[in-house]
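Take a look at the structure set out below.
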Number of protein chains: 2
Amino acid sequence: MDTSKICPKFEKAMSILSKRWTGLVIYQLMEGPQRFCTIESSVGISGRLLSDRLKHLENEGIVKREVFPETPVRIEYSLTEKGKDMEPLMKELESWSGEWIKEEETVEN
Amino acid sequence: MDTSKICPKFEKAMSILSKRWTGLVIYQLMEGPQRFCTIESSVGISGRLLSDRLKHLENEGIVKREVFPETPVRIEYSLTEKGKDMEPLMKELESWSGEWIKEEETVEN
DNA sequence: TACACTTACTTACGAAAAGTAACTTAATAA
DNA sequence: TTATTAAGTTACTTTTCGTAAGTAAGTGTA
């Protein structure tokens, strides 16, 4: 039997994307720096999980968190270079989904 | 507040990839048609989940299941056109992981 | 002064999904 | 007869998710 394994770096990369919501959060941040509530409403994730995912992505060095001490305080999340460098990947997924996903397969329907 | 939503087709595509193991199973099948136990050992997934994921991927039209009535029976899983068309995406993830994931971030370590 | 409102979270808890291990079915091999 | 292999399935425990409510810090309104 073939016991060759998948490249561990690829495996790690895929494990980031294959955690629910993380891919969409990264994709949403491609639009530019955004605050918590904006991501929450456009991605459709709950605060509890968004909080968790943003912490993970910060630890992975994909997302940066910045506090602006205005009143009320503004906190912005943005992509680091590592995160921005996922853009070609996101473009590929965009074009794949455009070609292969039908309207009626969509979650809305 | 910005309430614009993410493209539903993209969302659906990401939901396929963001289910644990599916991305790795697809990636593994890029190597060519393979049987259950080969995928199981190279991806490192349990039979219970592999069985589930292959069924899902078949329903999505990404994977094809073929039975060869030899003795013992041989069952091969392979990618459909829809599945094969994810190759550019996988290549992008490969190159991103090659550039940004360090050895020590890997699951093995 | 008291009360409501907003942002960015956190806590609590029931439900769903994942992980592990043992079991099954069918056929051949020792 | 017993063992082995492939391709799963079942049973059970642990982890993760989803929903809703709560919190802290500051502002605005009555």
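Chain identifiers are assigned alphabetically (A, B, ...) following the order of the sequence lines, protein sequences preceding nucleic acid strands; residue numbering begins at 1 within each chain. This is a predicted model, so every value here is computed, not measured.
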| field | Lys/Arg-Asp/Glu bridge criterion (N-O < 4.0 Å) met for Arg35(B), Glu70(B) | value | no
| note | Rounded to whole Å, the CD-P distance (Glu40(B) to dT9(D)) equals 12 Å
| Just to confirm, is there a sub-4.0 Å distance from OP1 or OP2 of dG8(D) to any side-chain nitrogen or oxygen of Tyr77(B)? | yes
| query | Which pairs, with at least one residue in residues 16-73 of chain A and sequence neighbours excluded, count as a ring-ring contact (aromatic ring centres under 6.0 Å, His included)? | reply | Tyr27(A)-Phe10(B)
| side-chain contact (heavy atoms from CB on, under 4.5 Å) against Glu58(B), all qualifying residues, sequence neighbours excluded | Arg65(B)
| What integer distance in Å separates Arg35(A):CZ from dT6(C):C1'? | 9 Å
| said: At a heavy-atom distance below 4.0 Å, what parts of residues 55-69 of chain A sit against DNA chain C? | reply: Lys55(A), Arg65(A)
| said: Tell me the interatomic distance from Leu50(A), atom CG, to dT10(C), atom C1', rounded to whole angstroms. | reply: 13 Å
| Once you round to the nearest 0.5 Å, how far does CE of Met86(B) lie from OG of Ser97(A)? | 9.5 Å
| message | On a heavy-atom basis, which atom in Gly32(B) and which in Gln34(B) lie closest, and how many Å separate them? | response | O-NE2, 2.9 Å
| message | Going by the rule salt bridge (charged side-chain N to carboxylate O under 4.0 Å, His left out), which residues pair with Glu92(B) if we only count those two or more places apart in sequence or in a different chain? | response | none
| task | Between dA6(D), dG8(D), dA8(C), spot the one nearest the side chain of Cys37(B), thanks. | result | dA6(D)
| query | What is the distance, rounded to the nearest whole Å, between atom CD1 of Ile39(B) and atom C1' of dA7(D)? | reply | 11 Å
| request: Starting from P on dG8(D), measure out to CD on Gln34(B) and report it in whole angstrom. | output: 14 Å
| With Lys84(A), which residues qualify under side-chain contact (heavy atoms from CB on, under 4.5 Å), at least two apart? | Leu79(A), Glu81(A)
| remark: Rounding to 0.5 Å, atoms CG (Leu29(A)) and CG (Leu24(A)) come to a distance of 11.0 Å
| remark: With B for base contact, S for sugar-phosphate-only contact and - for none (protein heavy atoms under 4.0 Å), nucleotides 13-30 of chain C reads -----BBB------SS--
